[in-house]
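Remarks on the structure that follows.
Just so you know, residue 1 is the first one in the sequence shown, and it goes up from there. Model, not experiment: these values are computed from the prediction.
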Amino acid sequence: DWNLRFLSSDNAQIICYVKHVEGDAVVVTVNLDPHYAQAGHVFLDLELLGIGYDATYQAHDLLGGGRYLWTGPRAYVALEPGSAHVFVLGHHVRTEQDFEYFD
């Protein structure tokens, strides 16, 4: 696919790739080891994704439901045997001022 890019990882048992279309990005990390949990860092191409080098951005895991704040190109992932994360990256990070409060 023309907009699919494989990304680097510091663990050979973790494969990572990104699909990027007009400001939307999906990052997939997969544990290739069927027997052991694996962890490590993946290195995102922030220029490709339109994210500033020191910017904080949200990674929402569509499979596990977790939301993580990442800063910079290096992101930590931990995966159980044979599992994956499918992250949607968001540029807007919410703060407590973004929420409505009721008296």
Side-chain angles (χ1 to χ4, degrees):
D1 199 19
W2 66 271
N3 60 353
L4 181 71
R5 302 276 191 269
F6 285 89
L7 304 174
S8 299
S9 171
D10 63 3
N11 182 334
Q13 293 296 318
I14 296 175
I15 191 171
C16 181
Y17 57 92
V18 61
K19 185 157 174 98
H20 179 258
V21 178
E22 298 178 17
D24 293 324
V26 175
V27 176
V28 178
T29 59
V30 179
N31 181 355
L32 300 175
D33 187 337
H35 303 291
Y36 299 100
Q38 298 290 331
H41 292 92
V42 296
F43 301 94
L44 304 173
D45 184 346
L46 296 182
E47 184 177 340
L48 170 75
L49 302 174
I51 298 172
Y53 187 79
D54 291 330
T56 298
Y57 51 98
Q58 181 177 265
H60 176 205
D61 184 0
L62 297 178
L63 297 179
R67 293 180 188 267
Y68 308 95
L69 292 180
W70 290 346
T71 302
R74 191 173 82 149
Y76 177 80
V77 294
L79 297 150
E80 292 300 316
S83 70
H85 292 298
V86 177
F87 296 108
V88 173
L89 300 186
H91 299 281
H92 178 71
V93 177
R94 298 180 93 181
T95 67
E96 68 268 2
Q97 296 168 351
D98 293 327
F99 297 96
E100 295 181 20
Y101 291 95
F102 299 98
D103 293 324

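Val18 places none of its side-chain heavy atoms less than 4.5 Å from the side chain of Asp45. Annotation: side chain of Asn3 is not in contact with side chain of His20 (no heavy-atom distance under 4.5 Å).
Every residue meeting the side-chain hydrogen bond (donor to acceptor under 3.5 Å, both in side chains) condition with His41, not counting sequence neighbours, appears here in chain and number order: Asp10. For Tyr68, there are no ring-ring contact (aromatic ring centres under 6.0 Å, His included) partners at least two apart in sequence or on another chain.
A pairwise comparison of heavy atoms in Ala12 and Leu32 identifies O-CD1, 4.2 Å as the closest pair. The two atoms that bring Val30 and Ala84 nearest to each other are CG2-CB, 3.9 Å, heavy atoms only. For the residue pair Asn31 and Leu79, the shortest heavy atom distance occurs at ND2-O, 3.3 Å. The two residues Ala39 and Tyr76 make their nearest non-hydrogen contact at CB-OH, 3.3 Å.
Asn11 CG to Asp33 CG: the interatomic distance, rounded to the nearest 0.5 Å, is 8.5 Å. Atom CG of residue Leu89 and atom CD of residue Gln58 lie 9.5 Å apart, to the nearest 0.5 angstrom. Taken to the nearest 0.5 Å, the CZ atom of Phe87 stands 9.5 Å off from the CG atom of Leu62. A distance of 8.5 Å separates CD1 in Ile14 from NE2 in His85, rounded to the nearest 0.5 Å. Here the CG atom belonging to Leu46 is positioned 4.5 Å from the OH atom belonging to Tyr57, to the nearest 0.5 angstrom.
Of the listed residues (Ile15, Leu7, Val28, Val77), just one forms a side-chain contact (heavy atoms from CB on, under 4.5 Å) with Val42, and that residue is Val77.
Criterion: ILVMFWY side-chain heavy atoms under 4.5 Å apart, direct or through other members. Under it, Val27 and Leu48 are part of a common hydrophobic cluster. Tyr17 and Phe43 fall into different hydrophobic clusters, defined by Ile, Leu, Val, Met, Phe, Trp and Tyr side-chain heavy atoms under 4.5 Å apart, directly or through other members.
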